[in-house]
Amino acid sequence: MSRYEPKVIEPKWQKKWATDKIYQALDFDAKPKFVMLTEFPYPSGDGLHLGHTREYTLGDIYARYKRMKGYNVLFPMGFDAFGLPTENYAIKNHVSPQAASQTNIENFQNQFNKLGFSYDWSRSISTIEPSYYKWTQWIFLKFFEAGLAVHEETLINWCPFCKTGLANEEVVNSRHERCDNLVSKKTVKQWTLKITKYADRLIEGLQGLDYPARISDQQINWIGKSHGTSLKFKVDQSDQEIEVFTTAIETVFGATFMVLAPEHPLIKKLTPADHLAVVNSYLDQARTKTDLERQEDERSKTGVFSGIYAINPLNNKRIPIWIADYVLMSYGTGAIMAVPGQDERDYQFAQKYKLPIIYVTTENKFVNYTKKIKPNPTKYTMTNSQQFDGLNFKEGRKKIEDWIKKEKLGQAKIQYRIRDWVFSRQRYWGEPIPIIHCHEHGPVSVPEKDLPVVLPAIKDYLPTDNGQSPLSRIEDWVNTVCPICHKPSKRETDTMPNWAGSSWYYLRYYDPHNDREFASPQKLQYWGMVDFYLGGMEHTTLHLLYSRFWHQFLYDQKLVPTKEPYQKRRGQGIILAADGTKMSKSKGNIVNPLEIIDQGYGADAIHLAISFLAPYDQTTPWSPESVVGSYRFLDRVWRLVEDVLSLEPNDYESSRDLAKIIARTTARVEKDLEELNFNVAIAALMEGVNSLYKIKESQLQIKKEDWLEAVQAIVLLLAPFAPHICEELWLKLGQTSSVHLADWPSYDSKLLIESTVKLVVQINGKIRTVLEVPRDSSQTQIELLARDNPHLQTYLSQQSIQRVVFVPNKLINFVI
RNA sequence: GGGCGAGUGGCGGAACUGGUAUACGCGACGGACUUAAAAUCCGUUGGCCUUAAAAGCCUUGAGGGUUCGAGUCCCUCCUCGCCCACCA
């Protein structure tokens, strides 16, 4: 008898699996394909943490299960290594980002191996390899050639700490999500990807996909589609017009002033000389404020009168134009018609600056449009609205819209909250944007034959203070010739954001070594959509949205055969520290899964503990003891198998006791796995093993062959969760090939049906007793049994029975 | 403020279309084995009443409702988490 020693068996099998390449996915195999994807990591200096381990373990369990169920499973892994943290880490440690990435990738690779996941390493990719980013650049050029990558001047978010522009998605609570510093605003000439052109497609595409509501809702909210009206106001004593967007056109007669965002381009043109000084000082003040500071001012809005007036096109009323930073340049037109009688923000502003208020409901007081009127437009009657007085808001809206249309004063407009994707980074550690700027031809694609544009290795890659990429310092790299006219030209020096490489990486796994295409059409066709994509909720409005956008674009370019990349998406929950707070480096409460392995518990115990902890999508605190419990269970399974192997052969009759337990356990584990209830599946396995132990202790006479069959089934069922120990036990049981290539056990569903059932007896809905009765007993039979039962008699004899509710094989309820 | 979700023992959590609430695990307590400890095994473990047992009563955030029967469905409220947020 040997002891269960993960330290001994785990490395042994990890080596063997690698040598035998048992997890390789086969292109064009006849078995049904299944692509199981988990997000490839950003190889930070800290190594794999528990969050990674949860995601990868769950993906691994499911991939192994599908393999045993007879699928040709593609379960790949790679590295998303470009990006700020590595660069900042490299700066801090005085090494090159290349070297830092290399070290970190090796460390991750090593840790992956110790955790024993069933990846097909032959397909591994890394976004920083020129052979990979060649195709990232190639796809960018497709965007450029389709007019969806544009070099333009835009007001963007700027991280003063990282000294680079950012996408809107990267700003969380006014802070840069990577470094947590407050962002400011800056107008820069930048590359943007026109994701807004795909806004509707990104909403519609969600239909027919298996995404949980919290993910699709979050994307829909992020895209933020709203229907409204755009209306043009003439500027008084000028031929200029100012366009505003409103979703409440029926309140237009309550507009008593107009507000422009401080960044609005017309301000500089229109401000009269006598107001210039105050306006400029306000603009300066607004510019230096961060978004967060603007938000803090919510209760005390600030603004300044511009000195000019606008004409409401519906009633020709002259209203003052104000400038205030509660209006954002980045949404709508950067200008609003202010309706203080019906809009809370305008109301606050009007009160502060003593501006007139007109109420357009007959209640003649402040009524919040969004909260009150919009949900019940027929309940409110219009007033102070000329010929529309007396109508309810639903009718009024329709009539005003028609009028505006007829008089061509404006038009119906759909407005999105989502912004175009700011795609330039003024940092070193990213894919160079493959564009050459020519005096005559403007931005020009680098010809395909010259791809990849390799990121030059340089010593001085520190970000600059002038808003230029560090690449701009390398003159002999920057200076080149225009591919069209061959005149001296300059390379684009901005790099791509770290979300670029990950926007299409799953496709590269289908054909990772192809040097002529990003993937061959045949392989794209064979593997098709990712069947199951597990990842972090935090990527819902970042990576997940970006990659759906790229995929939809590639589909439009006829470069991929499917409209969407991911058929089924799930987000795993966050593991908190044991005290329920977030794990963080600063608090020093980070749990390192590798340490747990080294303590002797092994990778299997971690896999088990992590998936047993809670439902996979639930945020839950870590409990160190759960590893102990998992280890204990594995040890119990080990000893059970050892005990069975050491049984003396006997000639007892074959019995169905064990087969019943196995059938029940198999049915439960299978159902729970299909529904991703990993924690319950493990509970079912534990119950199964506990039942086997009970039978063993009961000294029933059971054939050794029955025992062998039973433990064999347990090993198969446990294999996805605890791959190493099961491989070892499988060998002990005399098998020669890997348990992970074995078939998932089948069972006779007749064994699930017990001949007797426990039937609950209730009096007035209260449980009084439980009767063990033959399956499918009739109501009459049960009633007789109940009347005979001495305990129930006390209830049943005293009062008359008014009604009997009977649920076959479940319950009988006497209403007395 | 908007969207989504969650409140069940000492803890993590289970409960199919309403039908034995607390599965499974952790922890705790008691016992066996041991010179001892670890490991392992066995037993107990929601609360109240009771010497004990039997029986009974209460219990799924709070309150109400529907139902023979509610953790599950409906209404009101409270608390917590995540995402978005001066979005016109």
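Computation of the quantities below employed the complete heavy-atom set of this structure, encompassing side-chain atoms and omitting hydrogens, waters and symmetry-equivalent molecules. Every chain is numbered from 1 and lettered A, B, ... according to where its sequence line falls, protein lines coming before strand lines.
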So what does [X] touch, heavy atoms closer than 4.0 Å: a base, only the sugar-phosphate, or nothing?
X: A:Gly629; result: sugar-phosphate
X: A:Trp622; result: nothing
X: A:Ile336; result: base
X: A:Arg668; result: nothing

So that I can tick it off, tell me whether [Y] and [X] are bridged by a salt bridge, with the cut-off set at under 4.0 angstrom between side-chain N and carboxylate O.
X: A:Asp617; Y: A:Arg570; value: no
X: A:Asp635; Y: A:Arg639; value: yes
X: A:Arg569; Y: A:Glu39; value: yes
X: A:Arg668; Y: A:Glu687; value: yes

Distance in angstrom units between [X] [atom1] and [N] [atom2], rounded:
X: A:Asp617; N: B:rC83; atom1: CG; atom2: P; value: 15 Å
X: A:Leu542; N: B:rC83; atom1: CG; atom2: P; value: 12 Å
X: A:Asn173; N: B:rC84; atom1: CG; atom2: C1'; value: 9 Å
X: A:Arg3; N: B:rA38; atom1: CZ; atom2: P; value: 16 Å
X: A:Phe233; N: B:rA88; atom1: CZ; atom2: C1'; value: 12 Å
X: A:Leu792; N: B:rA55; atom1: CG; atom2: C1'; value: 13 Å
X: A:Arg664; N: B:rC24; atom1: CZ; atom2: C1'; value: 12 Å
X: A:Ile763; N: B:rG56; atom1: CD1; atom2: P; value: 11 Å

Exercise. Looking at the rings of A:Phe721 and A:Phe612, which for Trp means the six-membered one, are their centres under 6.0 Å apart?
Worked result: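 Judged by ring-centre distance (under 6.0 Å), A:Phe721 and A:Phe612 do not meet the cut-off.
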With [X] via side chain to side chain donor-acceptor pair (under 3.5 Å) - residues at least two apart:
X: A:Ser778; answer: A:Gln781
X: A:Asn764; answer: none
X: A:Tyr4; answer: none
X: A:Tyr601; answer: none

Exercise. With nearest nucleotides of RNA chain B determined for A:Asp343 and A:Ile574 from heavy-atom distances, which residue corresponds to the more 5′ nucleotide?
Worked result: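 It is A:Ile574 whose nearest nucleotide is closer to the 5' end.
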For this session: Specify the residue among A:Ser626 and A:Asp635 whose closest nucleotide of RNA chain B lies further upstream toward the 5′ end.
Result: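 Its nearest nucleotide being more 5', the pick is A:Ser626.
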Ignoring hydrogens and geometry beyond distance, is a side-chain donor-acceptor pair present between [X] and [Y] at under 3.5 Å?
X: A:Glu169; Y: A:Trp421; value: no
X: A:Glu697; Y: A:Tyr693; value: no
X: A:Gln218; Y: A:Thr541; value: no

Exercise. Any idea how A:Trp322 and A:Tyr353 line up, ring-wise: parallel (<30°), tilted (30 to 60°), or perpendicular (>60°)?
Worked result: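 Taking A:Tyr353 first and then A:Trp322, their aromatic rings sit tilted (interplane angle of 30° to 60°).
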Exercise. Side chain of A:Arg632: nearest nucleotide among B:rC26, B:rU20, B:rC86?
Worked result: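 From the listed options, B:rC26 comes nearest.
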For this session: Check each residue of residues 684-692 of chain A for a non-hydrogen atom within less than 4.0 Å of any atom in RNA chain B, then write out the ones that pass by number, or none.
Result: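 Listed by number, they are A:Met686, A:Glu687, A:Asn690.
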Problem set entry | Separation between OG of A:Ser216 and CG of A:Leu202, rounded to the nearest 0.5 Å |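 So the OG of A:Ser216 and the CG of A:Leu202 are separated by 12.5 Å.
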Produce the list of close N/O pairs, under 3.5 Å, pairing protein atoms with atoms of nucleotides 68-70 of chain B; give distances to one decimal.
residue	atom	partner	partner atom	Å
B:rC68	OP1	A:Arg803	NH1	2.8
B:rC68	O2'	A:Asn813	ND2	3.2
B:rC68	O2	A:Asn813	ND2	2.4

Given the [atom1] atoms of [N] and [M], what is the spacing between them in whole Å?
N: B:rC11; M: B:rA37; atom1: C1'; answer: 27 Å
N: B:rC29; M: B:rG10; atom1: C1'; answer: 13 Å
N: B:rC86; M: B:rU76; atom1: P; answer: 29 Å
N: B:rU8; M: B:rA15; atom1: C1'; answer: 10 Å
N: B:rG25; M: B:rU44; atom1: P; answer: 14 Å

Exercise. Does a distance-only test, which skips hydrogens and angles, find a donor-acceptor pair under 3.5 Å between the side chain of A:Arg345 and the base of B:rC87?
Worked result: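 For A:Arg345, whose side chain was compared with the base of B:rC87, there is no donor-acceptor pair (under 3.5 Å).
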Can you tell me if [X] touches the phosphate of [N], counting only side-chain N or O atoms and a distance under 4.0 Å to OP1 or OP2?
X: A:Arg417; N: B:rC86; answer: no
X: A:Arg639; N: B:rA39; answer: no
X: A:His791; N: B:rG56; answer: yes

Exercise. Would you say A:Lys660 has more than 12 foreign heavy atoms packed within less than 6.0 Å of its NZ?
Worked result: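 Yes - once you tally the heavy atoms of other residues, nucleotides and ligands closer than 6.0 Å, there are more than 12.
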For this session: Quick one, give me the B/S/- string for nucleotides 2-16 of chain B, reading 5' to 3', where B means a protein heavy atom under 4.0 Å from the base and S means that only happens at the primed atoms, P, OP1 or OP2.
Result: -SS-------BSS-B
Exercise. RNA chain B in dot-bracket, Watson-Crick or G-U pairs under 3.5 Å, [ ] crossing, | other strand?
Worked result: (((((((..(((......[....)))((((((.......))))))(((.......)))..(((((..]....))))))))))))....
Distance-only criterion, 3.5 Å: show the donor-acceptor pairs between side-chain atoms of residues 674-683 of chain A and protein atoms not counting sequence neighbours.
residue	atom	partner	partner atom	Å
A:Glu674	OE2	A:Tyr65	OH	2.7
A:Glu675	OE1	A:Asn677	ND2	3.4

Under-3.5 Å N/O pairs linking protein and nucleotides 42-45 of chain B:
residue	atom	partner	partner atom	Å
B:rC42	OP1	A:Glu697	OE2	3.4

Problem set entry | Contacts of A:Phe253 that satisfy ring pair (Phe, Tyr, Trp, His ring centres under 6.0 Å) - sequence neighbours left out |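 A:Phe388.
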Problem set entry | By side chain to side chain contact (heavy atoms under 4.5 Å, CB included) - contacts of A:Lys413 (at least two apart) |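 Per chain and number, A:Lys413 pairs via side chain to side chain contact (heavy atoms under 4.5 Å, CB included) with A:Ser230, A:Glu243, A:Phe245, A:Thr333, A:Gln415.
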